[in-house]
Every structure is written in C-alpha cells, then in structure tokens.
Amino acid sequence: MKTTSVINSTKTFAILLLSVFFIISVQALAQDEEKEKKPEKPARKAFESAWWFDGQTGLVYKEKTLEFVINHRFGLVNQKNKDLFGIYGASNIRLGFLYAPIKNLNVGFGYTKNKKILDFYGKYMLLTQTRSNSMPVSLTYHANMGIEFQENENYLKTGDGVNYFHQLIFMRRFGKKFSAQVAPSFSHFNAVVNELQVDGSDSTWVSQKNDTWAISVGMRYKITPTVILMLGYDQPITQHPVNQPKGSINVGVNIVTSSHAFQIFFTNYDRIQPQDNFMFNQNDFSKGEFVIGFNMTRLWSF
C-alpha cells in the first residue's frame, strides 16, 4: 500500500510539475508573440522645426498642432554701409499658418510681400525612421501652389500667375547631434517671360522652360540642446536656354524651445517660395550677393 501511495504521489507531483512547465511555456510564447506584434518605436525627431531656410524639413508636427510663422529676408549685403548690409534695404516678408488635422499630415497657407503671392501647401509623412533601424529613413511628401496677385503685363490670361511645387524629403537622424536630409523637387510655372536675344543681325525670342528639377541637401548639428548649426545647399538641375538659375549656399543657426524656433542665416536666395528661387534666382554667393534672413515660428497644441 505504501509503495502504491508513493508511486501515486510521485505521478501526481510529476503531472503537476509538467502542468506548471506547460503553463509557463504557454505564457512565454504568448509574451514573445506580443513582443513581435508590438509596433517599433519611431526614432526621435531629426529636425526641430518644419522650416529649413527657404524650404521645409521632413518634420511633420503631431496632430492638433497649430504653427504661426514669420519668414523675413533683408536686402543684399553687398551695398555695405549704404543700407547697413541690407538690413535697411528692400526686404521680403511672408506670414503663414500651418495646422495638423490628422496624424502625419500638415496643411497651411501664407502670403508673401514680393509678387503678392498667396500659397497653399501640405506635407505628409509616408515613412518614419525607427529606433531599431528596420526603417532607416523618414520620407515626407511636400507640395505647394502659389498664386501671384501682383499685376504683371506679361501674363495674358487667367492662371498665368499660378505655379506648383512637388518635393520628396528623405530624412535621417544619425545620432543625438547629427541629422541630414536630401530632397529632390519639381517646380512648374504656368507662364514664363520671353526675352529678345540679339546676336549680330539676328534676333530671336527665347524663354526659360516652364519646369525645373532641383536637389536640396541639408545637415544639422546640435551644439547645445537649444542651439543648432544649419548647413544647406540647393541646386537647380534643369538647363534653361536663358537666365539659368543659380544654386544657393545656406549657413545659419537655429535656436529652439518647446514651442518656439528662431532661425537666423545667410543665403543667396532672397525669395521665400522654393519654386521661385529654383526658377529665378540670379544671386551668386561667391560674389557677395547674399542676404541675412530669419524664420520665426510659434507652436500651439490643442
């Protein structure tokens, strides 16, 4: 009897032990499956502001964020002390608003002093860089439309003063301090001006092309948690028969808080719409033809 009791007790203990191991194994498998299903965390922000000199970074603000921005460009500094290095010269100013109605989408509008341009623009984040690098970059689509309200005798019909801009922004955060982005773009103007070109006894009317492809490169380096060095280069690619647009060199500093960003910089782009610069800029940085500019933003969350 004792032997049978011991055997039964041993069997019971073995069954209980196997049951415990089975339960633990099932729980472990369930936890592993939960870990596999758990979405990866996105990488921290590569840039602190949506603005980048005259253009945009790949940053898209979180939903229910409202941004007010002032873009300002002083006159060319090559006048030296005549207008205090352009500060008292002819300036260009844009005022704009942006809102994030849903996740990954920003929409906005603005009005620029020169040419009296009303613009509407949007950005949508297509891909987001992850902390594990399973997705190594973020990808944002940026587009805008500009409408010129300044009278222009060269515009013969309604719609001649309308232009469009499309851009893909590939952005990556490489570490706590360094981030970079590359952004190919396409600009279209419904109308461009014809110019009379005289060559000896021959003369002919020529004009720029209506479309321009371009590439932009930007890098930022955090000097301190709130002070950031900005470097940028923009280069039109399309070759035009006349008035070939020049690229730009951009150097600046970005000072940020949780709700403000203030950028001050040097650039040879004195226009504010990116397509306006890519199509028409004739300022040469190497010849001292550059301006002092700043962008100032204020954010609210609702």
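In this chain, numbering begins with 1 at the start of the sequence shown.
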Is Y221 atom OH crowded by more than 12 heavy atoms from other residues, nucleotides or ligands, each under 6.0 Å away?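 It does not: Y221 OH has 12 such atoms or fewer within range.
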If you count heavy atoms of other groups shown closer than 6.0 angstrom to CZ of F262, is the number above 12?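 It does: F262 CZ has more than 12 such atoms within range.
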P236: partners by side chain to side chain contact (heavy atoms under 4.5 Å, CB included), with sequence neighbours left out: T212, P245, Y269, F278
Contact between [X] and [Y] at the side-chain level, heavy atoms closer than 4.5 Å - yes or no?
| X | Y | answer |
| --- | --- | --- |
| I292 | F266 | yes |
| Q208 | F189 | no |
| N190 | Y164 | yes |
| I215 | P184 | yes |
| M145 | V162 | yes |
| V256 | S49 | no |
| P274 | Q167 | no |
| N163 | E148 | yes |

How far apart are the closest heavy atoms of [X] and [Y], and which atoms are they?
| X | Y | result |
| --- | --- | --- |
| S207 | V242 | C-CG1, 3.6 Å |
| R173 | Q129 | N-OE1, 2.9 Å |
| Y233 | N250 | N-ND2, 3.9 Å |
| W52 | G232 | NE1-CA, 4.3 Å |
| H166 | A143 | ND1-CB, 3.9 Å |
| M279 | K209 | CE-O, 3.5 Å |

Taking [X] for its side chain and [Y] for its backbone only, find out whether a donor-acceptor pair lies under 3.5 Å.
| X | Y | value |
| --- | --- | --- |
| T238 | W213 | yes |
| R131 | P42 | yes |
| K123 | G58 | no |
| Q275 | H188 | no |
| N92 | N114 | yes |
| N144 | F120 | no |
| N295 | F53 | yes |
| K113 | S91 | yes |

In Å and rounded to the nearest 0.5 Å, what is the [atom1] to [atom2] distance from [X] to [Y]?
| X | Y | atom1 | atom2 | answer |
| --- | --- | --- | --- | --- |
| M219 | S179 | CE | OG | 11.5 Å |
| F97 | E67 | CZ | CD | 10.0 Å |
| R220 | M230 | CZ | CE | 11.0 Å |
| D211 | S187 | CG | OG | 8.5 Å |
| L126 | N104 | CG | CG | 8.5 Å |
| I249 | L231 | CD1 | CG | 10.5 Å |

Run K64 and S301 through side-chain contact (heavy atoms from CB on, under 4.5 Å) and show every step you take. CA-CA 6 Å; K64 297 184 179 180; S301 296; over 6 Å; no
Tell me whether [X] shares a hydrophobic cluster with [Y], the cluster being built from Ile, Leu, Val, Met, Phe, Trp, Tyr side chains joined at under 4.5 Å.
| X | Y | value |
| --- | --- | --- |
| V77 | I87 | yes |
| I117 | F109 | no |
| F165 | V182 | no |
| F294 | F68 | yes |
| I147 | L95 | yes |

So, applying side chain to side chain contact (heavy atoms under 4.5 Å, CB included) with [X], which one of [options] is it?
| X | options | result |
| --- | --- | --- |
| E48 | I255, I228, L59, T297 | I228 |
| N277 | D234, N283, D54, T267 | D54 |
| Q181 | I169, V137, V217, T140 | I169 |

Would you call the rings of H72 and F74 parallel, tilted or perpendicular if under 30° counts as parallel and over 60° as perpendicular? tilted
Please state whether the rings of H142 and Y121 are parallel, tilted or perpendicular, taking 30° and 60° as the class boundaries. perpendicular
I'd like to know if K246 pairs up with E289 as an ion pair, taking the criterion as any Lys NZ or Arg NE/NH1/NH2 lying under 4.0 Å from an Asp or Glu carboxylate oxygen. no
Taking it one step at a time, do N268 and S248 satisfy side chain to side chain donor-acceptor pair (under 3.5 Å)? CA-CA 6 Å; N268 54 305; S248 76; 4.5 Å; no
Under 6.0 Å between ring centres: does that hold for Y141 and Y124? no
List the steps and the verdict of side-chain contact (heavy atoms from CB on, under 4.5 Å) for T128 and M135. CA-CA 7 Å; T128 303; M135 177 55 66; 5.9 Å; no
